[in-house]
Amino acid sequence: MLEQLVPIQKELAVIVARNERGQIACYPVVEMEFDPEANLVNYLFAPAQISPEIAAKAVEIATRTAIAYNICGLLAVELFLTPAGEILVNEVAPRPHNSGHHTIESCPVSQFEQHIRGVLNLPLGDTRLLASAAMVNILGEAGYTGAVRYEGLDEILAAPQVFVHLYGKAETRPSRKMGHVTIMGSSLEEVREKANWVNETLKCKGAKKI
C-alpha cells in the first residue's frame with residue numbers, strides 16, 4: 001500500500017470516552033515525540049503545546065470519530081498536525097492506550113477507570129489535568145537481551161513527583177516496552193527537564209549482550 005507523505009509538525013493524541021447513553025468526555029490533547037529507530041513513543045507531554053483553537057479542533061475530530069465508531073468505553077485517536085494547521089487522523093485504538101497512561105497520576109479519573117465506566121454505561125469521570133505531566137516509555141536497551149536488569153531505578157524512585165510503572169516482563173530485548181514513568185510538575189519546562197533526566201538515568205538491560 002502506498003500513501004501520500006504527510007508533512008508533520010506535531011503528533012497529537014486525544015483519549016475519548018463514551019458510554020451507551022451517549023455521554024462523552026475527552027482528556028486534554030497530548031503531544032508525542034517518537035523514537036525514530038524503534039518507531040515508539042519516547043516522550044509524551046500533557047497538555048500539548050498548541051493553540052486553544054488547534055486543541056479544540058483536535059477534540060472535535062476525536063469526538064466525531066468516537067461517535068462514528070459507536071464506541072462504548074475508550075477510543076484513543078492519534079493525530080497529525082501539519083504545518084498548515086490541518087489535523088489528520090493517523091490511527092485509532094478502542095482501548096486504554098499508551099497515550100493515556102499519564103492519567104493514572106495526572107487526572108482525577110484515569111483512563112482505565114474511565115474505560116470501565118464507559119463499558120458499563122456509568123457516568124463518566126473528571127478528565128481535567130491536575131498538573132503538567134510527561135510520560136517516558138521504558139524501552140529495552142539496544143544491544144541487550146535476556147533476563148531484565150534495571151539500572152538507575154533507585155534514583156528514579158527517590159525523586160519527587162516521579163511515578164514508575166514496571167510491567168513485570170521477565171525478559172527484555174532492544175526497544176521492547178517494559179514500563180513507563182510519569183512525571184508531574186508545575187510547568188511543561190519542569191516536566192520536560194525531569195523527563196530527560198529519567199531517560200538518561202533509567203536503563204533497562206538484559207543479562208546477555210548481542
Check residues 120-143 and write down every donor-acceptor pair under 3.5 Å in which the side-chain atom is one partner and the other belongs to a residue at least two apart or another chain.
| unit_1 | atom_1 | unit_2 | atom_2 | d |
| --- | --- | --- | --- | --- |
| Asn121 | OD1 | Glu20 | N | 3.1 |
| Asn121 | OD1 | Arg21 | N | 3.0 |
| Asn121 | OD1 | Arg21 | NE | 3.4 |
| Asp126 | OD1 | Arg128 | N | 3.1 |
| Asp126 | OD1 | Arg128 | NE | 3.4 |
| Asp126 | OD2 | Arg128 | NE | 2.6 |
| Asp126 | OD2 | Arg128 | NH2 | 3.3 |
| Thr127 | OG1 | Cys26 | O | 3.0 |
| Asn137 | OD1 | Asn98 | ND2 | 3.1 |
| Asn137 | ND2 | Val41 | O | 2.7 |
| Asn137 | ND2 | Asn98 | OD1 | 2.8 |

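- Side-chain contacts under 4.5 Å among hydrophobic residues (ILVMFWY), followed directly or transitively, place Leu5 with no other residue at all.
- Glu31 is not listed as a side-chain neighbour of Glu11, based on a closest heavy-atom distance of 4.5 Å or more.
- Ile50 is listed as a side-chain neighbour of Leu12, based on a closest heavy-atom distance under 4.5 Å.
- When all heavy atoms of Leu44 and Met32 are compared, the pair lying nearest together is CD1-CG, 4.2 Å.
- For Tyr69, the OH atom is loosely surrounded, since the number of other residues' heavy atoms within 6.0 Å does not exceed 12.
- With hydrogens and angles ignored, the 3.5 Å screen pairs no side-chain donor or acceptor of Arg173 with any backbone N or O of Thr145.
- Of all heavy-atom pairs between Lys177 and Tyr167, the closest is O-CD1, 4.0 Å.
- Here the closest heavy-atom approach between residue Tyr27 and residue Val109 is recorded as OH-O, 2.7 Å.
- Ile15 and Ser99 make their closest contact through CD1-OG, 3.6 Å (heavy atoms, listed as atom of the first residue, atom of the second, distance).
- Hydrophobic clustering (ILVMFWY, side-chain heavy atoms < 4.5 Å, transitive): Ile24 and Val77 are in one cluster.
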**Item:** Steps toward side chain to side chain contact (heavy atoms under 4.5 Å, CB included) verdict (Thr172, Cys204)
**Value:** CA-CA 8 Å; Thr172 188; Cys204 175; 3.7 Å; yes
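- With rounding to the nearest 0.5 Å, the separation of CD1 in Ile54 from NZ in Lys10 is 11.0 Å.
- Closest approach of Val16 and Ala62 over heavy atoms only: CG2-CB, 3.5 Å.
- Placement of Val89 and Ile8 in two distinct hydrophobic clusters is found when ILVMFWY residues are connected by side-chain heavy-atom separations under 4.5 Å, directly or transitively.
- Between Lys194 and Gln161, the shortest heavy-atom distance links the atoms NZ-CB, 4.1 Å.
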**Message:** Could you walk me through whether Lys209 and Tyr144 satisfy the side chain to side chain contact (heavy atoms under 4.5 Å, CB included) test, starting with their C-alpha distance in whole Å, then the side-chain angles of each, then the deciding distance to 0.1 Å, before giving a yes or no?
**Reply:** CA-CA 5 Å; Lys209 286 190 175 183; Tyr144 290 88; 3.4 Å; yes
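- Separating the CG atom in Leu166 from the CG atom in Leu202 is a distance of 7.5 Å, to the nearest 0.5 Å.
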**Request:** Could you check Phe112 against Ile104 for side chain to side chain contact (heavy atoms under 4.5 Å, CB included), going step by step and ending with a plain yes or no?
**Result:** CA-CA 8 Å; Phe112 298 96; Ile104 298 170; 3.7 Å; yes
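- Residues Val198 and Val164 are members of one and the same hydrophobic cluster, defined by side-chain heavy-atom contacts under 4.5 angstrom among Ile, Leu, Val, Met, Phe, Trp and Tyr.
- Between Asn199 atom CG and Tyr43 atom OH the span is 3.5 Å, to the nearest 0.5 Å.
- Among residues two or more places apart in sequence or in another chain, the side chain to side chain contact (heavy atoms under 4.5 Å, CB included) test is passed with Glu189 by Gln49, Ser187.
- No donor-acceptor distance shorter than 3.5 angstrom exists from the side chain of Thr103 to the backbone of Cys107, with no hydrogens or angles considered.
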**Residue pair Gln111, His97: steps toward the side chain to side chain donor-acceptor pair (under 3.5 Å) verdict** = CA-CA 8 Å; Gln111 67 164 349; His97 191 258; over 6 Å; no
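- Distance check, rounded to the nearest 0.5 Å: CD of Glu91 to CD of Glu78 gives 4.0 Å.
- Hydrophobic clustering (side-chain heavy atoms under 4.5 Å, transitive across Ile, Leu, Val, Met, Phe, Trp, Tyr) keeps Val14 apart from Val30.
- Both Leu188 and Val162 are members of a single hydrophobic cluster when ILVMFWY side chains are connected at heavy-atom separations under 4.5 Å.
- In summary, the aromatic rings of Phe45 and His102 are positioned with their centroids too far apart to meet the 6.0 Å limit.
- Between the His115 side chain and the Pro96 main chain, no donor and acceptor come within less than 3.5 Å of each other.
- A 6.0 Å sphere centred on CD of Glu193 holds no more than 12 heavy atoms belonging to other residues, nucleotides or ligands.
- Taking CZ of Arg95 as the start and CD1 of Ile71 as the end, the distance is 11.5 Å to the nearest 0.5 Å.
- Annotation: Lys169, atom NZ; neighbour count of heavy atoms from other residues, nucleotides and ligands within 6.0 Å is above 12.
- Of the possible polar contacts, one joining the Glu190 side chain to the Ser186 backbone as a donor-acceptor pair under 3.5 Å is found.
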**Request:** Could you go through the side chain to side chain contact (heavy atoms under 4.5 Å, CB included) check for Phe80 and Glu86 one step at a time?
**Result:** CA-CA 8 Å; Phe80 291 146; Glu86 187 179 12; over 6 Å; no
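- Here CD of Gln9 is found 10.5 Å from CD1 of Ile87. Values are rounded to the nearest 0.5 Å.
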